[in-house]
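One structure below.
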Amino acid sequence: MNIHFWGVRGSVPSPLTPGQIKAKISTVLQRATPEDVASDEARERFLASLPRWVYGTVGGNTACVEVVMEKGPRLVFDAGSGIRVMGMLSAPPEDKHYHLLFSHFHWDHIQGLPFFGQAYNPRAIFDVYSPFPDMEKYLSEQMVAPYFPVPFGAFTKNFTFHTVKPGEIFEIEGVKICCTEMFHPGKSYSYRVEEIDENGKKKSFVYATDVELGDKDFVKTPETAKVFENADVLILDSQYTVEELHNKPNWGHSAFCYAIDFAAVWNIKNLYLFHHEPTYDDRKIDLIYESAQWYANYSTNNEVTVHIAVEGQIVSI
């Protein structure tokens, strides 16, 4: 199972600004010495020594995560602006069959679909899943004039919509999937995906964006256990710092420390902080990552490994 991050930001796309790019270049120049550019090898060694926030970026596209099974379907979670990049850089399935699973239908999770090239391919097939029975209406209404020049009807006719029931396991080409409702304005749903590899080993990951964690999320029920317990990888909303979270109650997002506590309660070893705040630059996100690593070591004795979701990154389970 390969998990590919195509969009990791929350709320709105947030590309690097000219000022941020200039600051990165300035930092590189301040750190460089004549020896660092004396040869190609020296230059590469110097670049590799730079901090993560200088050398790269977490990305600015909104939520889209592609999951490619070892032997099975192509799953795509949410269709934020990252799905446009996926369409340009990810080879389509041989059968051109996509399975789209939506956490909810806020604009930052659907706005990329009209720009996904394969959606206009008459040979492409799309099966769309969510607990929202009006999902076709929600997707089509964002493409109504005067808000968009191309109507939803221009898409391939091979769109089929499936309403799933929270707490009940359903299958897509033999892959088991289950979802559960989370606290977020208008509701949002987290999904668990499980597959059995060729060696008979169970592999699982959870996609849990747009959730404001509360006390009830730490209470184990049969439904929540189906989704969260013992997952190999958890992708979890951690948009805010604790201070910002306290200033934005009921906005529907979480802070990294609560995400770590949550992973520990559910015995999840690998946590990917996701749905990054659009106003945070790479430096601030890197500082949050460092703080999260310290907190995970302090509170869980390194039982939870914390990662930052980065656009273009591939995680293999």
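Here the structure is a predicted model, which means the values were calculated and not measured.
Using a 4.5 Å heavy-atom threshold, the side chains of Gln20 and Asp282 count as separate. Looking at heavy atoms from C-beta onward, Pro51 lies in side-chain contact with Val54 at the 4.5 angstrom threshold. Taking the side chain as every heavy atom from C-beta outward, Lys269 and Thr305 never approach each other to under 4.5 Å. Ser188 is not listed as a side-chain neighbour of Val211, based on a closest heavy-atom distance of 4.5 Å or more. Using a 4.5 Å heavy-atom cutoff, the side chains of His253 and His275 are in contact. Looking at heavy atoms from C-beta onward, Tyr120 lies in side-chain contact with Pro114 at the 4.5 angstrom threshold. Looking only at side-chain heavy atoms (C-beta outward), Thr163 and Ser130 stay at 4.5 Å or farther from each other. Residues Lys96 and Asn158 have side chains not in contact (no heavy-atom distance under 4.5 Å, counting atoms from C-beta outward).
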Stepwise, does the side-chain contact (heavy atoms from CB on, under 4.5 Å) test hold for Ile83 with Val85?
CA-CA 5 Å; Ile83 200 171; Val85 183; over 6 Å; no
Between Ile317 and Ile3, does a side-chain contact (heavy atoms from CB on, under 4.5 Å) hold up when you go through it step by step?
CA-CA 8 Å; Ile317 302 178; Ile3 303 165; 3.6 Å; yes
Chi angles and distances behind the side-chain hydrogen bond (donor to acceptor under 3.5 Å, both in side chains) call for Gln313, His307
CA-CA 11 Å; Gln313 178 184 22; His307 312 265; 5.6 Å; no
Could you go step by step and tell me if Thr221 and Glu223 meet the side-chain hydrogen bond (donor to acceptor under 3.5 Å, both in side chains) rule?
CA-CA 5 Å; Thr221 67; Glu223 180 173 314; over 6 Å; no
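With rounding to the nearest 0.5 Å, the separation of CE in Met182 from NZ in Lys216 is 6.0 Å. Thr160 contributes atom OG1, which lies 11.0 Å from atom CG of Leu100 (distance to the nearest 0.5 angstrom). Between Thr279 atom OG1 and Glu244 atom CD the span is 6.0 Å, to the nearest 0.5 Å. Interatomic distance, Ser316 OG to Lys203 NZ, rounded to the nearest 0.5 Å: 8.0 Å. Rounding to the nearest 0.5 Å gives a distance of 11.0 Å between OG of Ser26 and CZ of Arg31. The line from CG of Asp232 to OG of Ser204 is 4.0 Å long, rounded to the nearest 0.5 Å.
No donor-acceptor pair closer than 3.5 Å links the side chain of Asn121 to the backbone N or O of Gly117. Although no hydrogens or angles enter the test, the distance criterion places a donor-acceptor pair under 3.5 Å between the side chain of Asp197 and the main chain of Gly200. Proximity of a side-chain donor or acceptor of Thr224 to a complementary backbone N or O of Lys220 within less than 3.5 Å is not detected. Remark: the backbone N or O of Thr33 is paired with a side-chain donor or acceptor of Asp36 at under 3.5 angstrom. Checking side-chain atoms of Lys176 against main-chain N and O of Ile172 turns up no donor-acceptor pair under 3.5 Å. Between the side chain of Glu141 and the backbone N or O of Tyr138, no donor-acceptor pair lies under 3.5 Å. Judged purely by atom type and a 3.5 angstrom limit, Asp78 has no side-chain atom pairing as donor or acceptor with the backbone of Gly80. No donor-acceptor pair under 3.5 Å is formed between the side chain of Gln118 and the backbone N or O of Pro92. Within the 3.5 Å criterion, the main-chain N or O of Lys137 finds a donor-acceptor partner in the side chain of Ser140. With hydrogens and angles ignored, the 3.5 Å screen pairs no side-chain donor or acceptor of Glu171 with any backbone N or O of Ile177.
Around atom NZ of Lys22, no more than 12 heavy atoms belonging to other residues, nucleotides or ligands sit under 6.0 Å away.
Ring geometry for Trp251 versus Tyr240: interplanar angle over 60°, hence perpendicular rather than tilted (30 to 60°). The aromatic rings of Phe274 and Phe5 sit tilted relative to each other, their planes meeting at an angle between 30° and 60°. Note on ring orientation: taking the six-membered ring where Trp is involved, the planes of Phe228 and Phe262 are perpendicular (angle over 60°, cut-offs 30° and 60°). In this structure, His4 and Trp6 have parallel ring planes: the angle between them is below the 30° cut-off, well short of the 60° mark. Note on ring orientation: taking the six-membered ring where Trp is involved, the planes of Tyr258 and His246 are tilted (angle from 30° to 60°). Using a 30° and 60° split on the angle between ring planes, His106 and His184 fall in the tilted class, from 30° to 60°.
A salt bridge is defined here as a Lys NZ or Arg NE, NH1 or NH2 lying under 4.0 Å from an Asp or Glu carboxylate O, and Lys284 with Asp281 fails to meet this definition. Between Arg52 and Asp286 a salt bridge is recorded (basic side-chain N to carboxylate O distance below 4.0 Å). Salt-bridge check for Glu194 with Arg192: passed, with a basic side-chain N closer than 4.0 Å to an acidic carboxylate O.
Hydrophobic clustering keeps Tyr272 apart from Val304 (ILVMFWY residues linked when any side-chain heavy atoms are closer than 4.5 Å, directly or through intermediates). Both Ile268 and Tyr295 belong to a single network of hydrophobic side chains, linked directly or stepwise wherever heavy atoms of I, L, V, M, F, W or Y lie under 4.5 Å apart. The same ILVMFWY cluster, assembled from side-chain heavy atoms under 4.5 Å apart, contains both Tyr298 and Val242. Note on Ile235 and Val68: separate hydrophobic clusters, where clusters join Ile, Leu, Val, Met, Phe, Trp and Tyr whose side-chain heavy atoms are under 4.5 Å apart, directly or indirectly. At a threshold of 4.5 Å between side-chain heavy atoms, the hydrophobic network of Ile, Leu, Val, Met, Phe, Trp and Tyr places Tyr189 and Trp107 in one connected group.
A distance of 6.0 Å or more separates the ring centres of Tyr191 and Tyr207. Taking the ring centroids of Phe155 and Phe116, they lie at or beyond the 6.0 Å cut-off. Under the 6.0 Å cut-off for aromatic ring centres, Phe159 and Phe152 qualify, their centroids lying closer than that. Between Phe205 and Phe77, the distance from one ring center to the other falls under 6.0 angstrom.
Side-chain atoms of Tyr129 and His99 include a donor-acceptor pair closer than 3.5 Å. No side-chain donor from either of Asp108 and Ser11 sits under 3.5 Å from a side-chain acceptor of the other. Side chains of Ser39 and Glu41: a donor-acceptor N/O pair is absent below 3.5 angstrom, by distance only. Neither side chain, Thr209 nor Asp237, offers a donor N or O lying under 3.5 Å from an acceptor on the other. With 3.5 Å as the limit, one finds no donor-acceptor pair spanning the side chains of Arg9 and Thr62. With no hydrogens or angles considered, no side-chain donor-acceptor pair links Lys248 and Asn250 at under 3.5 Å. At a cut-off of 3.5 Å, with distance as the only test, a side-chain donor of Asp210 or His109 sits close to an acceptor on the other residue. Residues Ser254 and Glu212 bring no donor and acceptor atom of their side chains to less than 3.5 Å of each other.
Taking all atoms of both residues into account, the shortest heavy-atom contact from Thr156 to Pro122 is OG1-O, 3.5 Å. Nearest heavy atom pair, residue Glu66 against residue Ser90, reads OE2-OG, 3.1 Å.
At least one cation-pi condition fails for Lys24 and Trp53: the charged atom is not both under 6.0 angstrom from the six-membered ring centre and inside a 45 degree cone around its axis.
Across Thr241, Val58, Leu287, a single residue satisfies side chain to side chain contact (heavy atoms under 4.5 Å, CB included) together with Tyr280, and that is Thr241.
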